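A short worksheet on the structure shown next.
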Amino acid sequence: MSFPWDDPQMKGTHPASGLTLTSAAGVVVLLLGDPHHGYELGQTLMSGLVIVFGVWAFWTHGGPQVTAAGAYSLATTVFVGYAGIHWVQNGPDPLPAVFFYATAAGYFTLVAMYFLFWAGTSPAYRPLMRGDSKTSTWAVNAGLAALLLSVGLSFTGETLAIGYRAGASAGIVLLTIGLAISPRGERFSWGKRLLVAGALGLYVMTIFTGYGRLYVVALALGCGIIVCSRFKGRRGKLAGLVGVPVVAAGLTIIREAAAVERYGEVARGQDTSTSITSPLETFVRLISAQGQYPTGDGSTFWATLVVFIPRAVWPEKPVGLGAVLVRMFEPEQVRSGGSIAALSLGEWFYNFGWMGLPLMVLVVGLVVRWLDRRLSRTLTHPMSSRRSVFAFAAWVTAVAGLGDVVWVGSFTYMSRVGFTLIVLGVMFVVMAAATPKRSKVGDGEDDAATTVAASSGVVAVRGRATAGTTGPVDG
């Protein structure tokens with residue numbers, strides 16, 4: 001299975017040689033693990049390998065375009081690489097070997113997925129998102145309406161939280177797509193960039209409560225995926241690498257303030273990075289407890305598939321991995337509805353033992369590659385219809401949420417991304433039903449004219465073909 005194109009910057013990269021070199025580096029670090037003097041040095045180097053490789057994969061794959069493979073790799077950098085270094089500094093002394101081998105599992109599975117399924121298949125880069133001005137205006141208006149409605153609902157309390165968060169996310173993605181559409185090849189102006197930033201800021205100020213930081217980061221990444229399609233260089237990726245830690249730090253400050261408001265001064269100054277670093281520790285606990293608990297045999301994946309069935313309809317509906325781990329390790333939190341993250345590695349290990357890790361490489365590797373394929377195909381067609389806009393929004397949402405998969409597994413990913421996709425689907429159906437057929441954006445002759453014109457380097461605007469601009473791309 002291959003894409004109909006390859007990123008020119010990936011030419012000459014042979015997956016076999018890359019896999020050999022990176023695996024050899026990992027093996028060398030494995031040999032540095034010393035049971036007599038602790039594993040701190042080996043853990044530090046292994047975590048460093050995860051960070052270096054993850055950032056390299058994010059930077060390289062897709063050229064200027066952020067891809068599913070890049071998003072997954074960057075998330076692994078944070079939840080395995082950064083977390084690994086954290087436990088060197090804050091873990092038991094001496095550091096148990098199981099931390100070292102858990103981090104090594106994160107490194108080798110990422111390397112295997114990248115070179116077996118992702119390398120050399122970077123999606124094509126399109127410097128301009130072609131489309132017509134009518135579709136652009138419609139997407140901006142629809143996005144703003146969804147965002148403002150969701151912000152209004154946020155003042156009703158937490159009862160409708162899952163709905164208005166998904167609605168706001170869908171609105172911001174649609175708004176960004178509408179602003180990014182380039183009917184005449186114009187630049188993605190600073191004014192448009194500030195509008196996107198303002199929409200994200202509005203979300204943080206009104207809907208973000210201090211909890212769910214990864215949800216906000218995923219939303220910002222989704223906007224980044226869209227905006228990067230308008231840049232020729234890698235400045236968008238560079239902004240992401242620099243901006244993610246800054247945004248995360250700002251959200252952490254808000255999180256601490258929310259914790260103080262909820263629990264009092266006792267929460268002030270507490271480590272709020274535990275949601276980032278604890279999943280690796282939980283994976284370590286799973287490995288250490290192997291044999292003490294029965295394997296899941298795929299039960300958490302079944303829980304993911306039925307997540308949208310109300311528990312009132314099915315009281316015995318299976319629970320996701322996070323709830324399962326609470327029952328295993330912290331049963332006193334069951335009544336409070338607590339949840340524990342253990343990485344995607346932990347989910348596959350819980351269900352299938354050590355055999356789950358090669359299964360993870362196969363399944364996750366193919367799914368991420370498929371997501372890249374779908375995302376790249378939407379970028380090859382002009383955004384000249386509502387269907388194309390909603391399709392692009394759906395694939396962007398699915399790709400941007402991959403951090404949830406790395407962090408805690410499939411259940412949280414489906415519950416968060418799935419609800420946003422449902423909102424997008426409902427919006428598409430309602431707007432299609434409420435719009436007379438003759439006035440549908442991008443239907444009929446205009447859509448055909450746009451498609452033909454775009455393929456020949458000409459942009460169709462309201463049924464008239466005008467010469468497309470071939471000037472410099474955004475800077």
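Since this is a predicted model, take the numbers as computed values, not measurements.
No close placement of the Trp59 and Phe53 rings is indicated, their centers lying 6.0 Å or farther apart. A centroid separation of less than 6.0 Å is found between the aromatic rings of Trp370 and Trp395.
What you find for Ser410 and Phe301 is that their closest heavy atoms are OG-CD2, 3.6 Å. Between Leu49 and Ala25, the shortest heavy-atom distance links the atoms CD1-O, 3.8 Å. Taking all atoms of both residues into account, the shortest heavy-atom contact from Gln43 to Phe99 is OE1-O, 3.3 Å. In this structure, Leu174 and Met427 approach most closely via the heavy-atom pair CD1-CE, 3.5 Å.
Among the candidates Leu379, Val173, Thr397, the single residue satisfying the side chain to side chain contact (heavy atoms under 4.5 Å, CB included) test with Phe392 is Leu379.
Remark: Leu357 CG to Thr109 OG1 distance equals 7.0 Å, nearest 0.5 Å. Interatomic distance, CH2 of Trp118 versus OG of Ser73, reported as 5.0 Å (0.5 Å rounding). The distance from atom CD1 of Ile340 to atom CZ of Arg327, rounded to the nearest 0.5 Å, is 12.0 Å. Atom OG1 of Thr277 sits about 5.5 Å away from atom CH2 of Trp87, to the nearest 0.5 Å. To the nearest 0.5 Å, atom CG of residue Leu110 and atom OG1 of residue Thr76 are 5.0 Å apart.
For the pair Leu45/Leu41, a side-chain contact is recorded, criterion being any heavy-atom separation below 4.5 Å from C-beta on. Residues Thr274 and Glu281 fail the side-chain proximity criterion, which asks for heavy atoms closer than 4.5 Å. Looking at heavy atoms from C-beta onward, Ile287 lies in side-chain contact with Phe349 at the 4.5 angstrom threshold. Taking 4.5 Å as the limit, every side-chain heavy atom of Leu280 sits out of range of all side-chain heavy atoms of Phe79.
Between the side chains of Thr295 and Asn351, no donor-acceptor pair is found at a separation under 3.5 Å. Between Tyr72 and Thr67, the side chains place no donor N or O within less than 3.5 Å of an acceptor N or O (distance only, hydrogens not considered).
Looking at Arg165 and Glu158, a side-chain N of the basic residue comes within less than 4.0 Å of a carboxylate O on the acidic one, giving a salt bridge.
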